[in-house]
J.: 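Sharing a structure here in structure tokens format.
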Amino acid sequence: MSKDLNKNNNSNELKRDLGEARSLNFLEEIIEEDLRKGKYKNIVTRFPPEPNGYLHIGHAKSICLNFGLAQKYNGYTNLRFDDTNPVTEDVEYVDSIKNDVKWLGFNWANEFYSSDYFNELYTFAVTLIRKGLAYIDDSSPEKIAAEKGTPTEPGIENEFRKRSIEENLLLFEQMKNGKFKDGEKVLRAKIDMKAINMHLRDPIMYRIKYAHHHRTGDTWCIYPMYDFAHGQSDSIEHITHSICTLEFVPHRPLYDWYIDNLEIFPSHQYEFARLNMTYTVMSKRRLLQLVNESYVSGWDDPRMPTISAYRRKGYTPSSIRTFCEKIGVAKRDNLIDISLLEFCLREELNVSAQRVMAVLHPIKLIIDNYDENKTEELVTENLPNDTNNTRTISFSKELWIEKEDFLETPVKKWFRLAPGAMVRLKSAYIIRCDSFKKDNEGTVTEIHCTYFPESKSGHDTSELKVKGTIHWLSVQHAAQAEVRLYDRLFTVENPAMEEADFKNFINPNSLEIIHAYIEPVLLKAKPDDHFQFIRNGYFYLDKDSKPGALVFNRTVTLKDSFKQ
RNA sequence: UGUCCCAUAGUAUAAAGGUAGUACAACAGAUUUUGAUUCUGUCUGUCGAGGUUCGAAUCCUCGUGGGACAACCA
């Protein structure tokens with residue numbers, strides 16, 4: 001019997017090992033299948049943002065997916081700007097997108113633009129006209145929309161659909177040459193006005209727009225629509241796996257229709273569920289509103305879910321990559337708990353961020369039995385338990401401590417300071433609170449303590465035991481800085497899903513700006529340094545810092561399991 | 001009153017017809033000169049009803065629920 005058990009255990013373990021080794025997401029399964037069947041020798045993916053806004057954490061998921069898949073399967077990834085609508089696009093966005101992708105740690109094989117293919121796309125359109133598969137429609141947008149029908153009623157064909165190939169060819173050329181006004185004509189694919197899929201009811205391929213394009217300038221006055229540009233651009237680049245979000249599922253038959261009828265390289269589209277995260281919004285429209293209506297200071301306001309905001313706030317690229325890895329990829333709508341992102345960050349910073357002391361909300365503590373002319377240089381670690389990596393901090397009679405570390409009448413399980421209570425000052429001495437002073441309004445202004453010289457950190461012979469350790473700064477030695485404490489931007493988990501306007505749920509306390517006391521060593525902080533302000537959280541120098549006027553952003557708080 | 005996509009703990013994500021697992025969250029305890037970290041443990045799950053099968057989270061049917069689709073946006 002025990003023999004059987006062993007046998008079972010072994011085979012089960014083996015099975016589990018195998019199972020885990022080949023636990024693939026649905027895209028990896030598709031790719032491995034394609035590779036195994038020899039459909040492709042190498043895979044090629046692309047990340048195709050429209051340069052009309054800043055990248056956010058949802059794009060990071062797509063970036064990690066596209067670049068990650070290509071890396072895993074020895075392929076490569078193109079960065080392609082999907083710039084077919086000149087009125088919304090700008091080089092400012094191109095630059096920020098490139099910067100963000102690089103910062104995340106990915107290198108693209110080629111930098112391409114849909115606008116690179118305008119000539120080729122024009123030729124494709126002519127090909128379809130010649131095949132009798134496209135026509136010029138003179139109708140107004142309203143008429144076209146009306147003739148399109150609804151999801152439950154078929155559309156109807158109009159008179160322009162019967163135009164001859166010759167006339168279509170001529171009119172299309174005239175469209176290109178600027179003979180018509182904005183919106184006067186469009187080129188449409190001739191597919192099926194009764195198709196159940198609305199996207200197949202003679203979709204528009206080209207429209208007239210007299211707009212300056214950030215790359216092609218005024219060369220063109222006709223621009224291809226997304227559906228007529230995207231698949232063909234994929235095809236031109238020999239993209240094997242064109243990965244996009246779920247809202248493009250109904251576009252796939254059209255994607256395939258263009259490729260089939262043009263008889264070009266058969267790229268294939270696959271869709272995954274976009275990232276949603278708690279306590280934020282992810283749509284470009286809403287983010288734009290937050291910026292335009294000054295709910296935040298800009299696209300890189302650290303409360304935004306943009307890549308540039310996370311960078312500014314002090315997130316590391318690897319923490320974001322780890323996050324994207326952990327959330328997985330599937331086809332169901334999801335709402336990821338933001339605490340997973342914070343976990344990924346803390347996990348990393350915990351082992352790397354130098355510890356320093358900073359007092360955010362100061363109150364003065366006076367050690368009555370300490371010589372007022374004395375200063376001691378005390379040794380403290382830069383990282384916990386790393387005794388070889390230390391610095392010194394100055395200790396003297398008057399100190400700053402956090403207001404929150406003193407309670408006149410302590411609650412139960414209170415480990416910190418209170419009248420008669422003892423705590424350790426981190427890396428220094430154990431003290432006992434003897435008295436305190438209040439102002440006229442009853443606010444505590446000064447705390448008086450006694451210290452125990454024999455309890456000195458590292459040389460403690462006092463045999464005193466305390467439950468609490470608090471951080472502190474010497475009044476005469478402390479430096480100062482502005483500190484920005486960020487909290488979540490919204491008060492509800494999914495603001496976009498609320499009945500009311502999402503802006504009704506903005507957290508009024510999402511930013512607290514304070515002037516804090518900091519350890520003098522922080523005056524030498526460099527822009528890339530991550531610090532843990534002991535017991536307060538992780539902090540990072542803001543770009544607003546100037547010599548002598550530093551600004552620190554709180555990247556994330558520490559976990560806090562103390563419930564008051 | 002259409003078509004398509006989707007449905008596994010609170011949140012995500014595995015299990016390719018054969019043990020429902022992992023992470024985060026939450027909770028409890030131990031350790032701790034950060035109420036951090038670390039360690040240990042607890043909690044909770046296959047949307048429903050039928051069917052196929054020795055056996056169903058997995059395959060089929062019908063429901064139910066959620067999402068997408070009617071821009072000269074992407």
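These values consider heavy atoms only, across backbone and side chains, with no hydrogens, waters or symmetry-generated copies. Order of the sequence lines fixes the chain letters, A, B, ..., with proteins taken first and strands second; residue numbering starts at 1 for each chain.
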J.: Which whole-number value in Å describes the distance from A/Leu65 CG to B/U13 P?
T.: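 Distance, rounded to whole Å: 12 Å.
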J.: Relative to each other, are the rings of A/His199 and A/His251 parallel, tilted or perpendicular (30° and 60° limits)?
T.: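 Because their plane-to-plane angle lies in the 30° to 60° range, the rings of A/His199 and A/His251 count as tilted.
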J.: Any chance you could list the contact pattern along nucleotides 26-36 of chain B? Use B for base contacts, S for sugar-phosphate-only contacts and - for none, protein heavy atoms under 4.0 Å, 5' to 3'.
T.: SS-----BBBS
J.: Between B/G18 and B/C24, how far apart are the P atoms? Round to whole Å, please.
T.: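 About 28 Å, rounded to a whole number of Å.
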J.: In whole Å, measure the gap between the P atoms of B/A7 and B/A16 for me.
T.: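 The same atom, P, in both gives a distance of 16 Å.
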J.: With sequence neighbours left out, which residue pairs that include part of residues 49-60 of chain A fulfil the side-chain hydrogen bond (donor to acceptor under 3.5 Å, both in side chains) condition?
T.: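 The answer is A/Glu50-A/Asn52, A/Glu50-A/Thr88, A/Asn52-A/Lys284, A/Tyr54-A/Glu92.
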J.: Verify whether the ring centers belonging to A/Tyr451 and A/Tyr429 lie closer than 6.0 Å.
T.: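 Close enough - the centres of the two rings lie under 6.0 Å apart.
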J.: Base, sugar-phosphate, or nothing: which does A/Val329 touch, judged by heavy atoms less than 4.0 Å apart?
T.: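 Sugar-phosphate contact only.
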J.: Begin from the C-alpha positions of A/Glu519 and A/Arg391 and carry the test salt bridge (charged side-chain N to carboxylate O under 4.0 Å, His left out) through to its verdict.
T.: CA-CA 11 Å; A/Glu519 244 187 79; A/Arg391 68 183 187 288; 2.7 Å; yes
J.: Please find the pair of heavy atoms, one from A/Leu378 and one from A/Ala428, that lie closest to each other, and give the distance.
T.: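 Scanning both residues, the minimum pair turns out to be CD1-CB, 3.5 Å.
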J.: What is the distance from CZ of A/Arg346 to P of B/A25, rounded to the nearest Å?
T.: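 My rounded result for the distance is 8 Å.
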J.: Show me the donor-acceptor pairs, under 3.5 Å and distance only, between side chains in residues 461-469 of chain A and residues at least two apart or in other chains.
T.:
residue, atom, partner, partner atom, Å
A/Thr461, OG1, A/Glu454, O, 3.4
A/Ser462, OG, A/Asp460, OD1, 2.7
A/Ser462, OG, A/Leu464, N, 3.1

J.: Write out a two-atom table: protein N or O, nucleotide N or O from nucleotides 40-46 of chain B, distance below 3.5 Å.
T.:
none

J.: Salt bridge check: are A/Arg215 and A/Glu89 linked by an N-O gap of less than 4.0 Å?
T.: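 No, this pair does not count.
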J.: Reading RNA chain B 5' to 3', what string of ( ), [ ], | and . shows its pairs, if Watson-Crick and G-U wobble pairs count only when both distances fall under 3.5 Å?
T.: .((((((..((((....[..)))).(((((.......)))))....(((((..]....))))))))))).....
J.: For A/Asp138, run the salt bridge (charged side-chain N to carboxylate O under 4.0 Å, His left out) check against A/Arg161, A/Arg163, A/Lys143 and tell me which one passes.
T.: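 When salt bridge (charged side-chain N to carboxylate O under 4.0 Å, His left out) is applied between A/Asp138 and each of A/Arg161, A/Arg163, A/Lys143, only A/Arg163 qualifies.
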J.: Using the P atom as the reference point in each nucleotide, state the distance between B/C4 and B/G41 in Å, no decimals.
T.: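 Looking at atom P only, B/C4 and B/G41 are 48 Å apart.
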J.: Say you pick atom P in B/C59 and the same atom in B/G65; how far apart are they, in whole Å?
T.: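 So the two P atoms sit 22 Å from each other.
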J.: For nucleotides B/A57 and B/U1, find the distance between their C1' atoms and express it as a whole number of Å.
T.: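 Between the two C1' atoms, the distance is 31 Å.
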J.: Once you round it to whole Å, what is the distance between P of B/A25 and CD of A/Glu493?
T.: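 Those two atoms, CD and P, are 14 Å apart.
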J.: Got a salt bridge between A/Arg80 and A/Asp234, using NZ or NE/NH1/NH2 to carboxylate O under 4.0 Å?
T.: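 Salt bridge present between A/Arg80 and A/Asp234.
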J.: Please assess A/Lys190 against A/Glu157 for the test salt bridge (charged side-chain N to carboxylate O under 4.0 Å, His left out), listing each intermediate value before the final yes or no.
T.: CA-CA 10 Å; A/Lys190 194 188 287 185; A/Glu157 299 176 0; over 6 Å; no
J.: Salt bridge or not for A/Glu237 and A/Arg46, using N-O below 4.0 Å?
T.: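 Salt bridge absent between A/Glu237 and A/Arg46.
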J.: Roughly how far apart, to the nearest Å, are B/G17 and B/G55 at atom C1'?
T.: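 Pairwise C1' distance, B/G17 against B/G55, rounds to 8 Å.
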J.: Answer yes or no: is there an ion pair linking A/Lys37 with A/Glu33, defined by an N-O contact shorter than 4.0 Å?
T.: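 A/Glu33 and A/Lys37: salt-bridged.
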J.: Measure from CG on A/Asn276 to P on B/G66 and round the result to the nearest Å.
T.: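 About 17 Å, once rounded to whole Å.
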J.: Using the P atoms only, state how far B/G48 lies from B/U58, rounded to an integer number of Å.
T.: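 Straight-line distance between the two P atoms is 10 Å.
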J.: Whole angstroms only, please: what is the NZ-P distance between A/Lys326 and B/A14?
T.: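 Rounded to whole Å, this separation is 15 Å.
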J.: Please report, rounded to the nearest Å, how far the P atom of B/C4 is from the CG atom of A/Asp256.
T.: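 Taking atom P of B/C4 as the reference, CG of A/Asp256 is at 16 Å.
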J.: Measuring only the C1' atom in each nucleotide, how far is B/A68 from B/C72? A whole number of Å is fine.
T.: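 Those two atoms are separated by 22 Å.
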J.: Are A/Pro224 and A/Gln232 packed together at the side-chain level, in the sense that at least one heavy-atom pair is separated by less than 4.5 angstrom?
T.: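 When only atoms from C-beta onward are counted, A/Gln232 and A/Pro224 do not touch, as no gap falls below 4.5 Å.
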J.: Please state how far atom CG in A/Asn494 lies from atom P in B/U11, giving the value in whole angstrom units.
T.: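 After rounding, the reported distance stands at 12 Å.
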J.: Does the protein touch nucleotides 67-74 of chain B at the base, only the backbone, or not at all? Give it as B, S and - per nucleotide, heavy atoms under 4.0 Å.
T.: S-SB-BSB
J.: Does NZ or CZ of A/Lys185 lie under 6.0 Å from the centre of the six-membered ring of A/Phe180, at an angle within 45° of the ring axis?
T.: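 The answer is yes; both the distance and angle limits are met.
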J.: Measure from CD on A/Glu28 to P on B/U13 and round the result to the nearest Å.
T.: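 Those two atoms, CD and P, are 14 Å apart.
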J.: Hey, mind stepping through A/Ser394 and A/Glu377 against side-chain hydrogen bond (donor to acceptor under 3.5 Å, both in side chains) and telling me if it holds?
T.: CA-CA 5 Å; A/Ser394 307; A/Glu377 296 302 318; 2.9 Å; yes
